[in-house]
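First the proteins, then the strands, lettered A, B, ... as listed; each starts at 1. All figures in this text were calculated on a predicted structure; none of them were measured in a lab.
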Number of protein chains: 2
Amino acid sequence: MTIDKREQLIEAGLALFYRNGFTATGIDRVLAEAGVAKMTLYKHFGSKEALIREVLRRRGESFRAWLMAEVERRSTDPRGRLLALFEAYGAWFREPGFRGCIFLNATAEFCGIAEAIAEQSVEHARLTQAYIRGLVAAANVEDPDALTAWLVLLLNGAVASAQVSGEAAWAEKARAAAALVIDGAPPGQQIP
Amino acid sequence: MTIDKREQLIEAGLALFYRNGFTATGIDRVLAEAGVAKMTLYKHFGSKEALIREVLRRRGESFRAWLMAEVERRSTDPRGRLLALFEAYGAWFREPGFRGCIFLNATAEFCGIAEAIAEQSVEHARLTQAYIRGLVAAANVEDPDALTAWLVLLLNGAVASAQVSGEAAWAEKARAAAALVIDGAPPGQQIP
DNA sequence: ATTTTTTTAGACAGGTCGGTACATATGTGA
DNA sequence: TCACATATGTACCGACCTGTCTAAAAAAAT
């Protein structure tokens, strides 16, 4: 095969699930978009749920890679990188077709219903927070775990608020709040 | 009729839509739960979408009323009431069957798809923010709009994080961050 | 007691859902 | 050239979807 059918299914699934929701998107629409036969989907994934899981796993990988690259590109200063998180989110909110975070959306649809899918969101949150925790560690503050939690709260809040209101400016408001909690967090012991 | 059928439909719809999602919940399940005939639903609401809209409208009213009562009950001090928002949210997160905010869930399913439904979430956010704005106004800070936005971000972030992780403790983390931004916000001009 | 409104059960329509079966075709490597 | 894996189209399954219809029953109002 010149083109990997499996890949096309994941890409089509990502686009359609994100745009129209998971439950509302039928298998047939994914097949039509991917240009693939139904049996091929079930050979590769076995079920719609498994396809969704794989779509989320892949989206998590690429989103975190994108976020890290954006943060590193925007600043080299440890504190600047924390603020760069919010700038990257602002750019994300302004992408055409932005419809919130697919993991928060998946949680809204599947938490308490399809745990194997919801687990992907937990995992993405865990990995994203671990990355932010690393950025915070470089910023030398007294309580890095607390600051990490505050930044995560502001980031998630910005996503939710931006999705509901359609206003990407929530990213800048969150950035301002982040600047305040970063400065408000007492610095750790100075290295002499 | 001894019992109002319309009311039963709204209550059954709220419970089922919240627990299992909007798209995933069929009309028939709502009818069975409400103990009502199908025609009665369509006489009262005309469509599933209209029922969802009414469910959200009613849920918004009762949630905001509950939140206001909780905040007033927990503190009389202006700053204490801002923190009481987060304490009320913590109690909410710990309610059995908590599955996030039904408005954020509705936005995840319907934003960009069924605007008449998504609009209910926008309206709820608007009214909730107006209430918080009033609380902030009483706290006498220099930039009440900014503080309102920061509190909203932390509240929404707490809901999203608590839903994904299942950990209600995010409410206390958000409360700590709120205390920081409240204290970090310079006080407004003192009345002599 | 009679009229009027509301609610009922159940069948029905026209689709879509996720998933399976099967026989054919297409491409690949030995 | 032959064998093998992969992908194809299409039909099909039973279940479920929202919404409509009808004719009878229950309830409310007069």
- Item | Donor on one side chain, acceptor on other, B:T23 and B:E109, under 3.5 Å |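 Yes, side-chain donor-acceptor contact under 3.5 Å.
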Closer than 4.0 Å, any side-chain N/O of [X] to the OP1 or OP2 of [N]?
X	N	answer
A:T40	D:dT6	no
A:K5	D:dA7	no
A:R6	D:dA7	no
B:H44	C:dT6	no

[X] has a side chain; which of [options] sits nearest to it?
X	options	result
B:K43	C:dT7, C:dT8, D:dT18	C:dT7
B:M39	D:dT18, C:dG18, D:dC21	D:dC21
A:S47	C:dA9, D:dC17, C:dG19	C:dG19
B:Y42	D:dC17, C:dT8, D:dT20	D:dT20
B:I27	D:dT18, C:dG19, C:dA9	D:dT18

Practice prompt. Select base, sugar-phosphate, or nothing to describe what A:G35 touches, counting heavy atoms under 4.0 Å on all strands.
Written response: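 Here A:G35 touches the backbone only, sparing every base.
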Round to a whole Å and report the spacing from [atom1] of [X] to [atom2] of [N].
X	N	atom1	atom2	answer
B:L51	D:dG19	CG	P	10 Å
A:F22	C:dC17	CZ	P	16 Å
B:D28	C:dG15	CG	P	19 Å
A:D4	D:dA7	CG	C1'	12 Å
A:L9	D:dA7	CG	C1'	11 Å
A:L16	C:dG18	CG	C1'	16 Å
A:L31	C:dC17	CG	C1'	12 Å
B:L41	C:dA9	CG	P	14 Å

Handout entry: Carboxylate-amine/guanidinium proximity below 4.0 Å for A:E172 and A:R175
Key =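 Salt bridge: no.
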**Asked** Any Lys/Arg nitrogen of A:R126 or B:E167 sitting under 4.0 Å from an Asp/Glu carboxylate oxygen of the other?
**Response**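 Not counted as a salt bridge, because no side-chain N and carboxylate O are separated by less than 4.0 Å.
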Classify the ring geometry of B:W66 against B:F63: parallel below 30°, tilted from 30° to 60°, perpendicular beyond 60°.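 Tilted: the ring planes of B:W66 and B:F63 meet at 30° to 60°.
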Item to complete: Over 60° means perpendicular and under 30° means parallel, so classify the ring planes of B:H124 and B:F103, tilted if in between.
Response: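 Plane angle under 30°, so parallel.
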- request: Using the closest heavy atom to pick a nucleotide of DNA chain C for each, name whichever of B:K38 or A:T25 lands nearer the 5' end.
  value: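 Comparing both residues, the 5'-ward one is B:K38.
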